[in-house]
Amino acid sequence: MDLAFRGSGDDAWARVTGDAACAPPGDASRRVAIVLDDRIVSAPAIREGVECGTGIRGGSTQITGGFSASEARDLAALVKGGALPVPVEIVERHTIGPTLGAEAIRAGAGAAVIGLVCTAVFVVAVYRLLGLLATVALGLYGLISYAALVALGATLTLPGLAGFVLAIGMAVDANVLVFERTREEYARAARRSRGLPDPGGPLRRGFAKAWSAVIDSNVTTVLAAGLLFFFATGPVKGFGVTLSVGVVASMVSALVITRVLAEWALRRGAVRRRPKLAGVVSGGRLRSFLARRAPRPMRHRRIWLWVSAGLVVLAGAGLLVRGPQFGVEFTGGRVVEYGTDRAVDVEDARSAVADAGFPRAVVQMSGDGDVVVRTGGTTDGEQQRIRRSLEAAVGPVTVERDERVGPSIGRELRDKALLALGGAVAAQLVYLGVRFRRTFAVAAVAAMAQDALLVVGLFAWLGRPMDSVFLAALLTVIGYSVNDTVVVFDRIREMRRTGAGRGGVEDLAAVTDRAIVQTVPRTVNTGMGVLFVLTALAFLGGDALGDFSLALLAGVVFGMGSTVLTAAPLAVLLEGRRPAPSAAAPRARERSRRDSGAVV
């Protein structure tokens, strides 16, 4: 291996080799040690031809020996690394105690199983045979998703586990969309026939009519998950991977596996003789109740918009009054979680940390009863001082978690978070603008932004930390929030193709009312399927998933309400100012052209 030096390095090398050449042959002092990070990586001996005091000057120096080509490359890399005049500084470090990791895995897995069992029971109770087949398809979906993650070599972190479980809950959405459309088609077929029609035809028409809504609702979620993958780092990036894989696999399970199983089952003689077993004969109690009452929420659209504005003001007040509590990932600093053998009063812990010389440190209690201490940049010695002070006040403690992030990487993560949020909103606006009219796209994005702001405001009022896991939840809310709005707008678009809703604002308001009433059963059933999983994560997932589940629970509830309170009223008002061309106008012009041609 050849060594060459620049600048003063050549003089220093000549001085070192000249001193070593003065030692007698075979003496250890005739070697020159190459040291990197206090470790000797090589110690070549100086040949006898090198003059004492003169050393090796100019040109290059050769290091020879009985090492292989790979060992020579490793030595060259180490020597080059030691030549970099750059100090090494730790900018991010995470230490997780084995007890905390094991408990979090057990809690997350247990919550996942309970949530999925509740979701399966609910789907079977509502849709009977089709619900049972959908549950089988969801089980196969889980295997497909897991196989895809194994093939990608993805590491399953806690946010990744949450994304995997959430995607399973969201997979119910596509099945519910298809089953609700099948119920509508079966009701139409029953009105046209004297007896009970064959459920196979309504099922095929239900899949065909639900196709566009399934695509639109899943693409919006994939857009948010894709932005997580490209712009986020660490565990949040893993969450984006698992969510993206889960959404794609859910579409395969709903549109392929569920359809194959359902069409096979509906061809059986027992199901044809007793179509009630299929779960599509009855439209459900909620649908019957809404059909009798025929609510008209768009009659009070301005009131709903004022309610939405009030909620936004309340969320903004939380940001102004309490301020956002950014996590250590975004601000830089150090967070250490200490486990204790007994219950600890938070005031005693704060006094102990203050006595250690950190009166401004943030001291909180986790959901598991551990003491969480958040400070600025502190050394290991200072943390040991805090630990000794805590032990003197509350008894023996163990370090369960130690996270340290430098201010530079904190700024980088914060900038990437803002970039991901802005990119998600822009991507949603562009996609919805292509799929729907621009007025509808603006209304959907406004409702989506409102839901995100409400979640941020809620965390500000509660004083909960906004960290990388919260960012994953917020971007998921952006993707999920628009799903319900897209389904309603897809139904409005379907009705307007027949000319309905083009006679003015009130005509569009009536069509919007019908679209909301027709899609409410889907909204409730889908929301229940997701809420089962999230509720299990919130109560059983432990402190590690508590804030994540809280953000998603709030986002799902806000997203279900924003369709009626914000998106639909705003779309009606915007469409009144920029109405769509009348469907009858092109036909009238065509008739006029034909009539003129006949006269000529």
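Hydrogens, waters and symmetry mates play no part in the numbers below; they use all other heavy atoms, side chains included. Position 1 is the first residue of the sequence; numbering continues from there.
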J.: Does the S562 side chain pair with the main chain of G559, one donor and one acceptor, at a distance under 3.5 Å?
T.: yes
J.: Can you check side chain to side chain contact (heavy atoms under 4.5 Å, CB included) on L462 and L550, steps first, answer last?
T.: CA-CA 11 Å; L462 296 177; L550 175 62; 3.9 Å; yes
J.: To the nearest 0.5 Å, what is the distance between CG (L130) and CG (L266)?
T.: 6.0 Å
J.: Side-chain contact, heavy-atom cut-off 4.5 Å: L432 with F440?
T.: no
J.: List the atom of A515, the atom of V488, and the distance in Å for their closest heavy-atom pair.
T.: CB-O, 4.1 Å
J.: Can you check whether V517 reaches P295 side chain to side chain, under 4.5 Å on heavy atoms?
T.: yes
J.: Just wondering, do V487 and T563 contact through their side chains at under 4.5 Å, heavy atoms?
T.: no
J.: Could you measure the distance from the CG atom of L319 to the CG atom of L314? Nearest 0.5 Å is fine.
T.: 10.5 Å
J.: Does any part of the side chain of L508, heavy atoms only, come nearer than 4.5 Å to the side chain of I492, both counted from C-beta?
T.: yes
J.: Between Q450 and T566, do the side chains contain an N or O donor and an N or O acceptor separated by less than 3.5 Å?
T.: yes
J.: For the OG1 atom of T439 and the CZ atom of F489, what is their distance to the nearest 0.5 Å?
T.: 8.5 Å
J.: Hey, does E263 have a side-chain heavy atom less than 4.5 Å from the side chain of R204?
T.: yes
J.: Would you say the side chain of D216 lies within less than 4.5 Å of the side chain of Y431, judging by non-hydrogen atoms?
T.: yes
J.: Of all heavy-atom pairs between A265 and L129, which one has the smallest distance, and what is that distance?
T.: CB-CD2, 4.0 Å
J.: R491 and side chain to side chain contact (heavy atoms under 4.5 Å, CB included): which partner among V511, T519, V486?
T.: T519
J.: State whether F436 and R493 meet the cation-pi test: NZ (Lys) or CZ (Arg) under 6.0 Å from the six-membered ring centroid, and within 45° of the perpendicular axis.
T.: yes
J.: Would you verify whether the NZ or CZ of R259 falls within 45 degrees of the ring axis of F207 while also being under 6.0 Å from that six-membered ring's centre?
T.: yes
J.: Identify whether the distance between the nearest side-chain nitrogen and carboxylate oxygen of R522 and E184 falls below 4.0 Å.
T.: no
J.: Which atom pair, heavy atoms only, marks the closest approach of G206 to E185?
T.: N-CG, 4.2 Å
J.: Ignoring hydrogens, what is the shortest heavy-atom contact between G246 and Y141? Give both atom names and the distance.
T.: O-CE1, 3.0 Å
J.: Checking the side chain of D513 only, and the main-chain atoms of M298 only, is there a donor and an acceptor separated by less than 3.5 Å?
T.: yes
J.: L261 and V136: side chain to side chain contact (heavy atoms under 4.5 Å, CB included), yes or no, with the steps?
T.: CA-CA 9 Å; L261 293 176; V136 174; 4.2 Å; yes
J.: How about N525 and Y127: does a side-chain donor come under 3.5 Å of a side-chain acceptor?
T.: yes
J.: To check you understand the geometry: which heavy-atom pair defines the closest contact between V564 and P297, and what is its length?
T.: CG1-CB, 4.1 Å
J.: Is a donor on one side and an acceptor on the other found under 3.5 Å between the side chain of W211 and the backbone of L255?
T.: no
J.: Rounded to the nearest 0.5 Å, how far apart are OG1 of T119 and CG of L138?
T.: 8.5 Å
J.: Enter the distance from T182:OG1 to N175:CG here, rounded to the nearest 0.5 Å.
T.: 10.5 Å
J.: Run the side chain to side chain contact (heavy atoms under 4.5 Å, CB included) test on S212 and E494 for me, step by step, so that the C-alpha distance in whole Å, both residues' side-chain angles and the decisive distance to 0.1 Å come before the verdict.
T.: CA-CA 10 Å; S212 62; E494 179 182 334; over 6 Å; no
J.: May I ask you to decide whether R496 forms a salt bridge with E575, counting only side-chain N to carboxylate O separations under 4.0 Å?
T.: yes
J.: The test is side chain to side chain contact (heavy atoms under 4.5 Å, CB included); show your working for I257 and I144 and say whether it passes.
T.: CA-CA 11 Å; I257 299 177; I144 294 173; 4.0 Å; yes
J.: With a 4.5 Å cut-off on side-chain heavy atoms, are I516 and V520 touching?
T.: yes
J.: Count the heavy atoms of every other residue, nucleotide or ligand shown that sit under 6.0 Å from CZ of R299, and state whether that count exceeds 12.
T.: no
J.: Checking T485 side chain against A567 main chain: does a donor-acceptor pair fall under 3.5 Å?
T.: no
J.: How long is the gap from CE on M528 to OG1 on T523, to the nearest 0.5 Å?
T.: 13.0 Å
J.: Are R302 and L573 side-chain neighbours, meaning at least one heavy-atom pair lies under 4.5 Å?
T.: yes
J.: State, to 0.1 Å, how close L570 and L305 come at their nearest heavy-atom pair, and which atoms those are.
T.: N-CD2, 4.1 Å
